[in-house]
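First up is the structure itself, then whatever we jot down about it.
Labels below follow one simple rule: chain letters A, B, ... track the order of the sequence lines, proteins then strands, and each chain is numbered from 1.
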2 protein chains.
Amino acid sequence: MARAATTTDAFNAVAEPRRRQILDLLATGERPVNDLVQLLGLAQPQVSKHLRVLREVDLVHVRDEGRQRMYRLNAEPLKPLHDWLSKYEQSWNKRFDLMDSVLDELKETEHDNDHDD
Amino acid sequence: MARAATTTDAFNAVAEPRRRQILDLLATGERPVNDLVQLLGLAQPQVSKHLRVLREVDLVHVRDEGRQRMYRLNAEPLKPLHDWLSKYEQSWNKRFDLMDSVLDELKETEHDNDHDD
DNA sequence: CAATCGTATACCTATAAGGGAATACGTCAA
DNA sequence: TTGACGTATTCCCTTATAGGTATACGATTG
């Protein structure tokens, strides 16, 4: 099997930096494709392709405005990612790294001398 | 070009569900590979391969314990993801979807009648 | 209708993933 | 040492990416 498709979920869609950039740009408001092309400095087809992926995971909504297509952010599918990551938040807030080191040392000491209390 | 390697950063590493599962399991404490194999119901080589990816992006640390290898979570590389996602938090908290719809309608009205106030 | 603009899609290529299966390697026990 | 155990690595295969380039398509303008 190959890697899961980028359109599988927001996790995969957002793994690509360009797509995160696009979302960041859309966070400031609705924009037509050419705006993004300018701001990103990418070729138009690539932008359209990234937008397709974002559309398929519902991270953006489109609206037809004459011959332009206005893209708008829909951040809701990002919530599950944020929720999942929140579980780990304490790990970097409470200097768990340090605690881990201490635990390691303890374990190694335990290993050397069996104490009976 | 192909998709960025899974070892490029935590974003890519964590896009794979199994690897998220592994991190979830390690969140409860240090574990040897076979533990994970049991808990995940995967073949041992696949688990080792996933662990390799997680190691390369520094999401896990290893410690040799006899012939076992104890894996421990290192959540710090997840912080950037959490930070990035936090920017969008308000979007799903404040019913922005609704606001967006309203904005859309406003825009369309603006479009129809040019008002001068 | 023709020309042009804004955007999407098709096609090609190089790259690598992830699962399966086999095997290599280091450690410990007999 | 031999053998078993725990784990990592290698090889094969299928699939899909992301970029480049060309082109198709709908809407608007003249």
Side-chain angles (χ1 to χ4, degrees), chain A residues 1-23 25-26 30-57 59-72 108 111-112, chain B residues 1-23 25-26 30-57 59-72 108 111-112:
Chain A
M1 216 179 269
R3 217 206 290 204
T6 53
T7 52
T8 302
D9 52 32
F11 271 104
N12 283 280
V14 155
E16 161 68 51
R18 302 302 201 174
R19 285 195 283 266
R20 283 195 302 266
Q21 276 190 283
I22 291 180
L23 295 182
L25 290 172
L26 293 180
E30 221 183 20
R31 285 185 185 285
V33 179
N34 264 347
D35 259 41
L36 300 172
V37 170
Q38 293 300 316
L39 293 166
L40 295 169
L42 287 182
Q44 176 268 315
Q46 330 304 335
V47 175
S48 280
K49 281 187 249 176
H50 282 312
L51 286 170
R52 193 190 202 319
V53 173
L54 293 174
R55 247 187 294 132
E56 291 197 29
V57 295
L59 274 169
V60 297
H61 288 166
V62 211
R63 183 170 62 86
D64 282 31
E65 170 98 27
R67 44 187 167 188
Q68 307 197 19
R69 310 201 79 190
M70 304 299 287
Y71 277 87
R72 173 165 33 93
E108 279 170 26
H111 200 255
D112 288 343
Chain B
M1 217 177 271
R3 220 205 287 203
T6 53
T7 51
T8 301
D9 52 33
F11 271 104
N12 283 280
V14 155
E16 159 69 50
R18 304 300 203 172
R19 285 196 283 267
R20 263 173 291 165
Q21 276 190 284
I22 291 179
L23 295 182
L25 290 172
L26 292 181
E30 219 183 21
R31 286 186 186 283
V33 179
N34 264 346
D35 259 41
L36 300 172
V37 170
Q38 292 299 315
L39 293 165
L40 294 170
L42 288 181
Q44 176 268 314
Q46 329 305 335
V47 175
S48 279
K49 280 187 247 177
H50 282 311
L51 286 169
R52 193 192 202 318
V53 173
L54 293 174
R55 247 187 293 134
E56 291 198 30
V57 295
L59 275 169
V60 296
H61 289 166
V62 211
R63 183 171 63 87
D64 282 32
E65 171 98 26
R67 43 186 168 185
Q68 306 196 349
R69 310 202 78 189
M70 303 299 287
Y71 279 85
R72 173 164 34 94
E108 278 170 27
H111 199 257
D112 289 341

Taking only N/O atoms, report every protein-nucleotides 3-9 of chain D pair under 3.5 Å with atom names and distance.
unit_1: dT7(D); atom_1: OP1; unit_2: Val33(B); atom_2: N; d: 3.1
unit_1: dT7(D); atom_1: OP1; unit_2: Arg69(B); atom_2: N; d: 3.4
unit_1: dT7(D); atom_1: OP2; unit_2: Asn34(B); atom_2: N; d: 2.8
unit_1: dT7(D); atom_1: OP2; unit_2: Asn34(B); atom_2: OD1; d: 3.4
unit_1: dT7(D); atom_1: OP2; unit_2: Asn34(B); atom_2: ND2; d: 3.1
unit_1: dA8(D); atom_1: OP1; unit_2: Arg69(B); atom_2: NH1; d: 3.3
unit_1: dA8(D); atom_1: OP1; unit_2: Tyr71(B); atom_2: OH; d: 2.5
unit_1: dA8(D); atom_1: OP2; unit_2: Ser48(B); atom_2: OG; d: 2.6
unit_1: dA8(D); atom_1: N7; unit_2: Gln44(B); atom_2: NE2; d: 2.7
unit_1: dA8(D); atom_1: N6; unit_2: Gln44(B); atom_2: OE1; d: 3.2

Do Leu36(A) and Leu51(A) have side chains that get closer than 4.5 Å, going by heavy atoms?
yes
Kindly indicate whether the side chain of Val37(B), heavy atoms from C-beta on, has any atom under 4.5 Å from the side chain of Asn34(B).
yes
Determine whether Gln21(B) and Leu40(B) make a side-chain contact, defined as any pair of heavy atoms from C-beta on separated by less than 4.5 Å.
yes
Whole-Å distance, Leu42(A) CG to dT7(C) C1', equals 15 Å
So, does Asn12(B) use its side chain to make a donor-acceptor pair with the main chain of Ala15(B) at under 3.5 Å?
no
Between Arg63(A) (CZ) and dT7(C) (C1'), how many Å, whole number?
16 Å
Does dA17(C) have OP1 or OP2 sitting under 4.0 Å from an N or O in the side chain of His50(B)?
no
Contact check, side chains of Val57(B) and Val14(B), non-hydrogen atoms, under 4.5 Å:
no
Report yes if the side chains of Gln46(A) and Arg18(A) come closer than 4.5 Å at any heavy-atom pair, otherwise no.
no
The test is side-chain contact (heavy atoms from CB on, under 4.5 Å); show your working for Arg72(A) and Val60(A) and say whether it passes.
CA-CA 5 Å; Arg72(A) 173 165 33 93; Val60(A) 297; over 6 Å; no
Do you know which two heavy atoms are closest between Leu59(A) and Ala10(A), and how far apart they sit?
CD1-CB, 4.3 Å
Report the end-to-end axis angle of the helix from dC1(C)-dG30(D) to dA30(C)-dT1(D); each axis comes from five terminal pairs, and the value is rounded to 10°.
10°
DNA chain C contacts made by residues 2-22 of chain A, counting heavy atoms under 4.0 Å:
Ala2(A), Arg3(A)
How many Å lie between CD on Glu65(A) and C1' on dT28(D), as a whole number?
13 Å
Ignoring hydrogens, what is the shortest heavy-atom contact between Val53(A) and Ala13(A)? Give both atom names and the distance.
CG1-CB, 4.0 Å
So, do Leu26(B) and Leu54(B) sit near enough that their side-chain heavy atoms are less than 4.5 Å apart?
no
